[in-house]
Amino acid sequence: MAEKFITELKRTHTCGELTLADEGKQVVLMGWAMRRRDHGGLIFIDLRDRAGLTQVVFNPEHTGGGHEVAHQIRSEYCLALRGLVRRRPEGQDNEKIATGRIEVFVEDFEILNPSKTPPFMLEEWTLVNENTRLRYRYLDIRRPEVFANLLLRHRCTQAARGYLNAQGFLEVETPMLTRSTPEGARDFLVPSRLARGSFYALPQSPQLFKQLLMVGGVERYYQVARCFRDEDLRADRQPEFTQVDLEMSFVDEEDVMGLTEGLVQAIVASAGKEMTLPVPRLTWAQAMNRFGLDAPDLRFGLELTEVADLVGDAEFKLFREAVAKGLMVKAINGKGMAGLSRKDLDDLTSFVAGYGAKGLAWVKIKEGMEWQSPIAKFFSAGHQGRINERLGAAEGDILFFGADAPRVVWESLGRLRLELARRFELTKDKPLTFCWVTDFPLLDYDLEAKRFVAMHHPFTAPKPEDVDLLDSEPLKTRARAYDIVLNGSEIGGGSIRIHRQDLQAKLFDTLKITREEAQNKFGFLLEALTFGAPPHGGLALGFDRLVAILAGEPSIREVIAFPKTQKGACLLTEAPGLVDPGQLLELGLRVERVS
RNA sequence: GGGGGCGUAGCUCAGUUUGGUUAGAGCGCCGGCCUGUCACGCCGGAGGCCGCGAGUUCGAGCCUCGUCGUCCCCGCCA
């Protein structure tokens, strides 16, 4: 049977657009049979394409001999049909779908392709195991809610391009086959056939190339860049992911942050959501002290409060000794959370133990501001009163305390804060909440390697007033770096880069990267900086994360067309897989079992 | 590398606590009936390596050990 519907009768409308205004029109629709209601005589089918659903009606008196064929239509058959748009009979409207006031009375149709019974139903209300969805991802994508995520992502990408184009940026592609560099994540390696025994690395980000583009005078660069990191996966981490990467010359932090705010606002707007500018800012020190994390979720309170000065002379030994040792003592007021049971508190105690806390002291505020707590007896009325006042405690609140090294207090109370918000649904129905975190430390100390490592990356510029600290107190050096955070997720980060060879060399010294090693690994960059490299800086947005949040999805897998599982497998193509021995031979590789 | 959850029909799950007859349900699927349904309805039917492998036991979906897959988290991710 010739496909006359493809060659002669072209599609005139989508299944999502017909309304009463189209009544009486002859239309040609193409799509998939979503659901069949076969009355023996009349047959109703919900025809679905990417735009929506339209009910089509087969009537034996009109489709004649074709009606036998119509009876054969099953789920996911690919159909083409010609028919008349009709107003539905009185009282037969379906308010649930956009096209629910009309139907298409079929006059001619063709089964373009039958379908095996699908492994799962494509209706939105069916729950399907993610394994099954990923193995048949092409069917999953037919589901309107998955397609909607791809559409949203497309709109966000186009909004980003549109905004950056309008700001004078050039989209430039950088190599996917590049060289491995030290520092950072594990590389994905690609063996070279022409240079046996040598390997390319897939880029962790286009960082070095975009800096070279600045040296090249491009001035404003962006790229929707695929990045690769061979690290363990999470709900918000895939081995390959996408950044909206940008870099600008002759700018400072304010320029990049201002530009980024406009960019993110444009993306958010393309998702039909709102974002008010300017985005509030916190320094890294403020973020850590108030929220315990460098990506604070500002949709709710529960801030960390310093109490060391109030408990240093209390009877409670743990706190007194912590203060004496110069450790940190902080508290959170769980507003109205005194209803937590003993079991809840035990759970929360083991929860913070997972982040290194040795315990979790708590105080329930009872009637008359009375403390109910295992540690209440160690605090005088005066101490209790001052702590209540500092934390704004009221009846029905519960106070949590952490006393330890700053890293432990920040981490455990910061995570506790998020856990409480989760349990009490404090983020429900909150608007998108952004913030900047600035003034990150330039360096961190790696206890294992016994050396300083770059917190952001080794090309980040130190604050000019802190440069001298590189020699005296390196850990106090602040970076010209900034992260943008949405709802407690880091969705982007960047910095002003080092653009002078002497400062870059100095930083490599601090990082204990030898001249020889630096020359070997980054020589091309160091050399480039000697040819009048302009001051420059930029930022990259974690695009998958941003789109996932805008889509309201808990995992970035939901906004990636063909995502991988936690073991890095593609269940559809079964990648990664074994290769032909001949391919290995050509590459000069031999695979050996390593114990 | 580590901690935790899950794995039973095509799909979603119950059954596992306390081992005991022929492993169930809803949806889907197949056949029949049905001209106004819209998650159509009614009647009938098929469909199971209880992830896989060992072990304990008279007997294992259920207990033990191992293993594989998947999800969440810690480490890791400049």
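These numbers come from a predicted model, not from an experiment. Below, each value reflects all heavy atoms present in this structure, side chains not excepted, and no hydrogens, waters or symmetry copies. In the text below, chain A, chain B and the rest are named by the order of the sequence lines, each starting its count at 1.
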Asker: Taking the same atom, P, in B:rC74 and in B:rU64, what whole-Å distance lies between them?
Answerer: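 Going atom to atom, P in each nucleotide, I get 29 Å.
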Asker: Which base sits across from B:rC63 as a Watson-Crick or G-U pair, both distances under 3.5 Å?
Answerer: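 When the pairing criteria are applied, B:rG55 turns out to be the nucleotide that pairs with B:rC63.
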Asker: If the condition is side-chain contact (heavy atoms from CB on, under 4.5 Å), which residues does A:E411 pass it with, not counting sequence neighbours?
Answerer: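 By the side-chain contact (heavy atoms from CB on, under 4.5 Å) rule, A:E411 matches A:L293, A:Y355, A:R415.
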Asker: Enumerate the residues from residues 478-495 of chain A whose closest heavy atom to RNA chain B is under 4.0 Å, giving them by residue number; use none for an empty result.
Answerer: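 Correct list: empty, so none.
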Asker: Mind checking ring pair (Phe, Tyr, Trp, His ring centres under 6.0 Å) for A:W410 and listing every partner two or more places apart, or none if nothing turns up?
Answerer: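 Partners of A:W410 under the ring pair (Phe, Tyr, Trp, His ring centres under 6.0 Å) test: A:W284.
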Asker: I'd like the P distance from B:rG20 over to B:rC29, given in whole Å.
Answerer: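 Comparing P positions in B:rC29 and B:rG20 gives a spacing of 35 Å.
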Asker: Just how far, in rounded Å, is C1' of B:rG10 from CG of A:D140?
Answerer: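 Distance check: A:D140 CG to B:rG10 C1' gives 16 Å.
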Asker: Rounded to whole angstrom units, what separation is found between the OH atom of A:Y355 and the P atom of B:rC76?
Answerer: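 In whole Å, B:rC76 P and A:Y355 OH are 13 Å from each other.
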Asker: So which one's nearest nucleotide on RNA chain B is more toward 5', A:Q566 or A:T117?
Answerer: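 So the residue in question is A:T117.
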Asker: Just jot down the salt bridge (Lys or Arg N to Asp or Glu O under 4.0 Å) partners of A:E419, sequence neighbours excluded, or say none.
Answerer: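 Expected list: A:R422, A:R423.
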Asker: May I ask you to check whether over 12 heavy atoms, not counting those of A:R407, lie within 6.0 Å of atom CZ?
Answerer: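 No, because the 6.0 Å sphere around CZ of A:R407 holds 12 heavy atoms or fewer from other groups.
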Asker: Please evaluate residues A:K343 and A:D346 with respect to the criterion salt bridge (Lys or Arg N to Asp or Glu O under 4.0 Å), reporting the C-alpha separation (whole Å), side-chain torsions for both, the decisive distance (0.1 Å), and the verdict.
Answerer: CA-CA 5 Å; A:K343 182 182 178 302; A:D346 287 346; over 6 Å; no
Asker: Both distances under 3.5 Å, Watson-Crick or G-U wobble: report the partner of B:rG31, or none.
Answerer: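 With both distances under 3.5 Å, B:rG31 matches B:rC43.
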Asker: Between A:R557 and A:R237, which is nearer to the 5' end of RNA chain B once each is assigned its nearest nucleotide?
Answerer: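 First, find each residue's nearest nucleotide; the 5'-ward one identifies A:R557.
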Asker: Can you give me the closest heavy-atom contact between A:D294 and A:V485, atom names plus distance?
Answerer: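 Smallest heavy-atom distance, with atoms named: O-CG2, 4.2 Å.
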Asker: Find every protein N or O atom lying less than 3.5 Å from an N or O atom of nucleotides 66-68 of chain B, and list the pairs.
Answerer:
none

Asker: When only distance counts, do a donor and an acceptor, one from the side chain of A:R135 and one from the base of B:rG69, lie under 3.5 Å apart?
Answerer: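 In this structure, the two groups form no donor-acceptor pair.
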Asker: Heavy atoms only, 4.0 Å cut-off, all strands: where does A:S205 land among base, sugar-phosphate and nothing?
Answerer: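 Base: the residue A:S205, judged by heavy atoms under 4.0 Å, touches a nucleobase.
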Asker: Taking A:R229 first and then A:E231, would you say they form a salt bridge - that is, a charged N and a carboxylate O separated by under 4.0 Å?
Answerer: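 Salt bridge: no.
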Asker: Just how far, in rounded Å, is P of B:rC40 from CZ of A:F58?
Answerer: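 Distance, rounded to whole Å: 16 Å.
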Asker: Mind calculating the distance between CD (A:E130) and P (B:rG7) to the nearest angstrom?
Answerer: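 Computing the A:E130:CD to B:rG7:P distance gives 16 Å.
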Asker: In whole angstrom, what separates A:D294's CG from B:rC77's P?
Answerer: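 So the CG-P distance, A:D294 to B:rC77, works out to 14 Å.
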Asker: Report the base-pairing partner of B:rU21 (Watson-Crick or G-U wobble, both distances below 3.5 angstrom), or none.
Answerer: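 Per the H-bond distance test, none.
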Asker: Walk me through it: do A:D509 and A:K506 pass the test salt bridge (Lys or Arg N to Asp or Glu O under 4.0 Å)?
Answerer: CA-CA 5 Å; A:D509 283 346; A:K506 181 180 175 63; over 6 Å; no
Asker: Within less than 4.0 Å of OP1 or OP2 of B:rC71, is there a side-chain N or O belonging to A:R234?
Answerer: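 So the side chain of A:R234 is outside the cut-off, no N or O lying under 4.0 Å from OP1 or OP2 of B:rC71.
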Asker: Sticking with atom P, work out how far B:rG31 lies from B:rG47, rounded to a whole angstrom.
Answerer: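 After rounding to an integer number of Å, I get 16 Å for this pair.
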Asker: Got a donor-acceptor pair under 3.5 Å from the side chain of A:R133 to the base of B:rC11?
Answerer: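 Side chain to base: no pair present.
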Asker: I'd like to know if A:N131 reaches the base of B:rG7 with its side chain such that a donor and an acceptor end up less than 3.5 angstrom apart.
Answerer: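 Per atom types, no contact qualifies.
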Asker: Determine the interatomic distance between P on B:rC6 and the same-named atom on B:rA60; round to the nearest Å.
Answerer: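 To the nearest whole Å, 24 Å.
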Asker: Work out how far the C1' atom of B:rG10 is from that of B:rC73, and round it to whole angstrom.
Answerer: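 Roughly 32 Å separates the two C1' atoms.
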Asker: Measure CZ/A:F351 against P/B:rG4 and give the value in whole Å, please.
Answerer: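 My rounded result for the distance is 17 Å.
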Asker: For a quick check, with a 4.0 angstrom heavy-atom cut-off, what is the B/S/- contact string for nucleotides 31-39 of chain B, read 5' to 3'?
Answerer: S--BBBBBB
Asker: Indicate whether the side chain of A:Q223 and that of A:T174 have a donor and an acceptor atom separated by less than 3.5 Å.
Answerer: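 There is such a pair between these side chains.
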Asker: Considering all heavy atoms of both residues, which atom of A:H499 and which atom of A:A533 are nearest to each other, and what is their separation?
Answerer: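 It is CD2-O, 3.5 Å.
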Asker: Could you give the CG-to-P distance, from A:N129 to B:rG69, as a whole number of Å?
Answerer: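 Computing the A:N129:CG to B:rG69:P distance gives 15 Å.
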Asker: Would A:R417 pass as a cation-pi partner of A:F300, given that its NZ or CZ must be under 6.0 Å from the six-membered ring centre and within 45 degrees of the axis?
Answerer: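 Because its charged atom sits under 6.0 Å from the ring centre and within 45° of the axis, A:R417 does stack over A:F300.
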Asker: Starting from P on B:rG5, measure out to CG on A:D347 and report it in whole angstrom.
Answerer: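 In whole Å, B:rG5 P lies 14 Å from A:D347 CG.
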Asker: Looking across every strand, which nucleic acid part, if any, lies under 4.0 Å from A:V453 by heavy atom: base, sugar-phosphate, or nothing?
Answerer: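 It contacts nothing in the nucleic acid.
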Asker: Roughly how many Å apart are B:rG7 and B:rG53, using the C1' atom of each and rounding to a whole number?
Answerer: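 Here B:rG53 and B:rG7 have their C1' atoms 16 Å from each other.
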Asker: Please confirm whether A:R50 makes a cation-pi placement over A:F147, using NZ or CZ under 6.0 Å from the six-membered ring centre and within 45° of the ring normal.
Answerer: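 That pair does not qualify as a cation-pi contact.
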Asker: Looking only at the aromatic ring of each residue, does the gap between the centers of A:H71 and A:F58 stay below 6.0 angstrom?
Answerer: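 Between A:F58 and A:H71, the centre distance exceeds or equals 6.0 Å.
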Asker: So which nucleotide from B:rG75, B:rU70, B:rC27 ends up closest to the side chain of A:E411?
Answerer: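 It is B:rG75.
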Asker: Can you tell me, in whole Å, how much space there is between the P of B:rU67 and that of B:rC72?
Answerer: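 Nearest-Å result for B:rU67 against B:rC72 at atom P: 23 Å.
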Asker: Determine the Euclidean distance between corresponding C1' atoms of B:rG61 and B:rU17; express it in Å to zero decimal places.
Answerer: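 After rounding to an integer number of Å, I get 14 Å for this pair.
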Asker: May I have the step-by-step check of salt bridge (Lys or Arg N to Asp or Glu O under 4.0 Å) for A:E23 and A:R88, ending in yes or no?
Answerer: CA-CA 10 Å; A:E23 191 182 352; A:R88 292 193 182 192; over 6 Å; no
